[in-house]
Each structure stands twice: as C-alpha cells, then as structure tokens.
Amino acid sequence: MKEFKPLPALPAPKDTVGMGVWVKQNLFPNLVNSMMTVLIAGFLISVVPGVIDWAIISADWSGTSQLDCKKDGACWVFVSAWMQQFIYGSYPDEQLWRINLALVVLVLVIAAPNVLQKELRNKLGVPMFLLYPFVCAAFLDGRMFSLEYVSTDYWGGFSLNVFLAAASIIIAFPLSFLWALGRRSDMPFVRSVCLILIEFFRGVPVLALFFMGSVMLPLFFPTGTSVDKLLRVWIVLILFMSGYMAEVFRGGFQAIPQGQYEAADSLGLSYWQKTLLIIFPQVIKVSMPNILATFVMLFKNTTFLLIIGIFEMLSTTQTALSNSNWLGGHATEGYLFVALVFWCCCFSMSMISNSIERKLDTGHKN
Amino acid sequence: MSSEQISPTSEPKENVIEISGLNKWYGSFHVLKDINLSVKKGERIVVCGPSGSGKSTMIRCINRLEEFQRGSLIVNGVEMIEDVKNIEAIRREVGMVFQHFNLFPHLTILENLTLGPIWVQKKPKQEAEQMAMKYLERVKIPDQALKFPGQLSGGQQQRVAIARSLCMSPQIMLFDEPTSALDPEMIKEVLDVMVELADDGMTMICVTHEMGFAKKVADRVIFMDAGEIVEENEPNEFFNNPQMDRTQLFLSQILEH
C-alpha cells in the first residue's frame, strides 16, 4: 500500500506581500479610490498644521489670568486656572483628598475582578463593587465617617460625572438583570410589571426624566422629608440605565441556545443556580459590546444634568466662561477640554471592554 | 454514591421507569399517543423511528424537559408531579446526553463536570474533582481537563457530556441522538464509550439510528411512528422478524444504504 504524504507548504508569492503591495491595495487600488486618497491627503495637509499651530505652537500655556494670554493661539491658561473647579467643583480645598481617595478606590474596585483569583473575586470583588456607591457617597458627605460635612451643593466638576455614572451603573447592572429576567418570567404579574418599567424608562427622554426627578419625585416621598437633589438624580439615572440595560440583557438571553437551559435542568440545578452559574456569564459575554455602549451613553448623559442645575463638568465650564475676569471667548478651549476629557474616559472604557471580551472568549462559536 | 452502584447487581430487577397512558399535546397537535413503557433496572433500550415520530419528546418527558398532559410517569419510585422539588429530585437520578452536547462553553471541561456535584449534591470541591478525573479517564480524555469545550472535537465534546452526566451518579441515562451531529470517524469513539457503559450495567434509553449499536447492546428495541409505540421486541426478533409492516418499511429504508 502507498503512503499518503501531504504536500509541503510554500511561501506566499512575492507580489502579494510587503509594504508596496499594501499601499497599492489600500490607497490606490483604482481610479476613484486614488482620487479619494489624494483629496483626503490634501485636506489633511491644509488643516492639520493650522490646528497644531493654534493648539500647541502659538498657544499660551502658563499664567494665572486672562492677561497672560498674549499670543494668537489657544489660551490654555483658562483651563489650567479653572482646573480645580473643572475636576472637583466647589469641594473645599483641604478636603480634596477625599475625592482623590474615592477615585483611586473606584479604579481599584474596577480593576479587582481582573487581578483577584476566581474564588476571591466572587466573595470579595462583587460585594466591594456593590457597596462602593453607598460607601463612597457617605464618605464624600463625611458625617458618617466623622469627617467634615460637605453638603452635596458643593460637589461638582468632572469627579461628580464619574461618581454619578459609576454609582448608577453599579446599581443598575444587577437591577436591570432582574428586570430582564422578570420580562422573560412565566409569571404574568412579574412579567407585566417589568415590561411596564422597562418600556417607561426607555421610552421617556432622559431630560424629561431629570425634570421629573427634580420636580415630581419629591411628591412621592412622605411629606416633611426632603430628599437630596443629587440622590433623586441618582435614582433617575439608575432607573433610566436599567431600562436600557434590561433590553441589552434580553438580547443576550435570546442568543443563548435552548440546549444550555436543558443541560442545566437535566443536571438538576435550581432556577437561580441555572441563571447565575450558566446563563448569566454567557449573557454577559454576548452582551459586552452593547453593555459598554450603554455605559458610554450614560456617562455622557450625565452632562445633561447642567439643565437642572447640578454642577457637573459642563455646567462648571459654562460658569467659568461667564466669569467677568475671563470674558473674551475661551469657549473653544473650554469645550475642547471637556470633549477631550470625556473622549479619553470613553476610549479607556472601550479598551477595558475589549480586554474583557478577549478574556471571556473561550473559542466557542454557537 | 459512587460508580460501584451502577455495576450489575443481584438485587431483584424492579422497574425503574414506569410510563402508563402518557399523552402529550403541543397546542392542539397530539405528539404522544397513549405511551406505555416500563424499564427494568439495568435494561438497555434503543428507541428508533422516523423524525417527528415523538421519540425524543418521549425521553424528554422522563426528566421533565417536556411536560405531558395525561398519564403517569414514575421514575425510581418517585411519581412525576407539578412540583419543583419533585422534578429536581427526579432530574438528579436521570442523566441526559444531547445531540448537540450542550456543554457549558464558558467553563473548562473539569468545571463542566464538577458543577453538578458541587452545587446540586453539595460535594466538596476536591472530591468532585477527583471523581471528575476518574470519569474523564473512563471516557479517555483526562488530558483535556483544563481546556474549554470550544477547543475539543465533536466526539470529544460528546464524551465529556457523557462524563458530565455520570458525575451525578445517575440511576438512568437518557441519550437523545448522541451521534447524529458527529463525523463518521467520531461516531465510533462515542459509541465505544456507550457500549462500555452498557456493559457496566447502566440503565439506558437511547434514541439512535445506529442499528449496529442496537444489535450489540440493546435488550429491547422500540419502534415509534406518529407518536405511538408501533412495535417493541428484543433486537434479533426486531431486525429479522418484524411484526408490523410499518416497521418492515422503516428497516428496509434505513438498512438499504
């Protein structure tokens, strides 16, 4: 009998690999695309040097007041002079360490699941995560920790955007999962309640929700109690976020093959064991890109709070722009700075989500 | 509980499954019509029939993946009723292997095997892992323990699925077309494991079209069509001397190739 010998693998032909081939294939494959390449290159050459000159070369970087801005370029002095306001709002100078500490802890809480071992992750990481918003709020408030009391009227700036977004996401995450489960439930009452909640908070514009939160929500609290404005906003954000996330999770649920439920059932797992051990991890995996998109949306939506007079970053910027010492058109620098800060944060969130996706990928294609 | 329990025993062969007058409808469609079947401990039963004949639906009723509307079903002395505790008790005694393996893709092979013992039977992790490795050796893939299901071939995945069921020390094993989604080269490795399991005295109900397997291990072959049991007999009689013309037609069609 003859032996079967596979043919040896040959190197790819020379004219299909290399730098020159890449340029030809991607930049000048045909007439139309070549023209587009030339046009875009021309546009970049005419615009980019001007932007660089304005933003960097002819810009003023150091100083303390408007008078230090003498060149024609950007006046970054405006940003540096107001930096503390932009980041911390009116939080007292000597207490800023509390905000810094809370931010560091937030980073740790987010990083923990990636660093901790599997056993510790569930026992330590998850409770830490869920407790963070409450402990953080109490810590910034100060009374419970016998620190100096700082009323929420003084909280503000970019740190407030971060805290509000993080605190809402953390609470909305489990809540929306429950709503999504409820929407799939066999029990008609649970199902309709969840359906109404989801559709209400998804269907009403977020600005309308904020106004309702600041004007209407107090009507539902017992008379005589006054509930902090920021707390009301937090509740609105949580509910709004939950409505969206519940639908994201629902999409994830539908991607899980029926066989997974049957396999879990046939092992004798209870409903909650099946849901938390088998279904939840897989739903998270399929929904990761959409979960992130919802996070980013909520994070950016926190700037809408300027409408109801919460001093988050955008409204701090507007206050700074209308300050009598800084009149003179620093709007471009101010808004550019806000945009840059938000973009950096959202981009890092993208990176984190990509790394989580890679981590969850176990090479299984359903 | 250990695997010793599934070895042949001399105790009286009582019925472990007792199905009587079982009827099931999907909406108004009558899928199972008056099914009567009893299975003794250690018996190996092969169920065959054309697609849509209700054979999968019937065995899925046994661990209540499907509900039925009329009739009674007793598994291992426990009557199946509408009660979560009751259903979970029956499911603990019945292992099931699916056509599409249904391994948990986010867990390693070892975690797939230990999940049931740890969470349902509340076994310590170490004990569960030892037992899992024992069964992985039995299905001949102990070296894959730390991989994920997506990294294994279909035949290996199906053997893992069998080991996963065995880890729960079931009294009865149900196989729902375990080789239908496999390449010809992999069918054999799965059937070999099933034959070994049969030789050890496990009570088995297999929905399969592998007639070679049926001839080799079955104590009884059941032929179903249109939601009914058309004929049941021991394999020799069934294949050589079928009583019903429907059975004859089916056999001539599948044995032609």
Side-chain angles (χ1 to χ4, degrees), chain A residues 4 113-114 117-123 126 177 181 185-187 190 249 252-289 291 353 355-366, chain B residues 56 59-60 62-66 84-109 111-122 125 146-152 157 160-161 164-170 172-176 181:
Chain A
F4 166 68
N114 294 303
Q117 282 180 334
K118 209 169 180 180
E119 306 282 311
L120 278 175
R121 196 190 303 162
N122 295 342
K123 289 195 180 106
V126 174
F177 190 75
L181 273 182
S185 167
D186 295 332
M187 293 174 273
V190 174
F249 281 134
F253 275 117
Q254 279 167 354
I256 309 298
Q258 192 57 29
Q260 292 291 312
Y261 294 89
E262 292 177 357
D265 281 340
S266 72
L267 283 178
L269 293 173
S270 71
Y271 175 79
W272 286 108
Q273 286 173 337
K274 177 174 68 178
T275 304
L276 293 177
L277 297 170
I278 307 299
I279 306 304
F280 179 67
Q282 298 189 56
V283 167
I284 295 290
K285 188 189 146 192
V286 239
S287 320
M288 207 58 211
I291 291 175
S353 132
S355 89
I356 296 175
E357 271 172 61
R358 272 196 301 277
K359 209 171 155 159
L360 293 178
D361 184 19
T362 55
H364 196 276
K365 300 278 171 289
N366 281 318
Chain B
S56 286
I59 70 164
R60 286 157 61 89
I62 296 173
N63 67 348
R64 188 51 170 66
L65 289 181
E66 302 282 353
V84 180
K85 286 272 169 292
N86 185 286
I87 291 168
E88 280 171 12
I90 288 178
R91 282 176 178 164
R92 279 195 285 273
E93 302 298 326
V94 181
M96 183 151 194
V97 175
F98 301 87
Q99 183 178 0
H100 296 290
F101 333 132
N102 297 352
L103 294 177
F104 305 128
H106 60 298
L107 301 176
T108 62
I109 301 305
E111 287 167 336
N112 263 281
L113 266 64
T114 53
L115 187 91
I118 289 175
W119 291 92
V120 178
Q121 299 175 335
K122 312 285 178 209
K125 192 175 171 206
L146 297 178
K147 289 196 183 164
F148 286 98
Q151 297 164 308
L152 268 57
Q157 290 194 41
V160 171
R164 177 175 68 181
S165 289
L166 292 177
C167 279
M168 297 295 288
S169 321
I172 302 147
M173 285 284 284
L174 307 175
F175 293 83
D176 189 0

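Residue numbers start from 1 in every chain, and the chains themselves are labelled A, B, ... in the order their sequence lines are given, proteins ahead of strands. The analysis underlying the following values was restricted to heavy atoms, covering all of them including side chains, and did not include hydrogens, waters or symmetry mates.
Taking all atoms of both residues into account, the shortest heavy-atom contact from A:Gly268 to B:Arg91 is CA-CB, 4.0 Å. In terms of heavy atoms, B:Phe104 sits closest to A:Ala263 at CE2-CB, 3.8 Å.
Using a 4.5 Å cut-off between heavy atoms, B:Lys85 makes no contact with chain A at all. With a 4.5 angstrom heavy-atom cutoff, A:Gln273 touches chain B only via side-chain atoms. Proximity to chain A is limited to the side chain of B:Glu111, based on heavy atoms less than 4.5 angstrom apart.
Between the side chain of B:Asn102 and the backbone N or O of A:Gly259, at least one donor-acceptor pair lies under 3.5 Å. Checking side-chain atoms of B:His106 against main-chain N and O of A:Leu277 turns up a donor-acceptor pair under 3.5 Å.
The neighbour count for B:Lys122 NZ, taken as heavy atoms of other residues, nucleotides or ligands under 6.0 Å away, is above 12.
The distance from atom CD1 of B:Ile87 to atom CG of A:Asp265, rounded to the nearest 0.5 Å, is 9.0 Å. B:His100 contributes atom NE2, which lies 13.0 Å from atom CD of A:Gln258 (distance to the nearest 0.5 angstrom). Of the inter-residue distances, the one linking B:Arg92 atom CZ with A:Leu267 atom CG reads 11.5 Å to the nearest 0.5 angstrom. For the atom pair CG of B:Asp176 and OG of A:Ser266, the computed distance is 11.0 Å after rounding to the nearest 0.5 Å. Interatomic distance, B:Arg60 CZ to A:Glu262 CD, rounded to the nearest 0.5 Å: 4.0 Å.
The side-chain heavy atoms of B:Pro105 and A:Lys285, taken from C-beta on, include no pair separated by under 4.5 Å. The shortest distance between side-chain heavy atoms of A:Ser270 and B:Trp119 does not fall below 4.5 Å.
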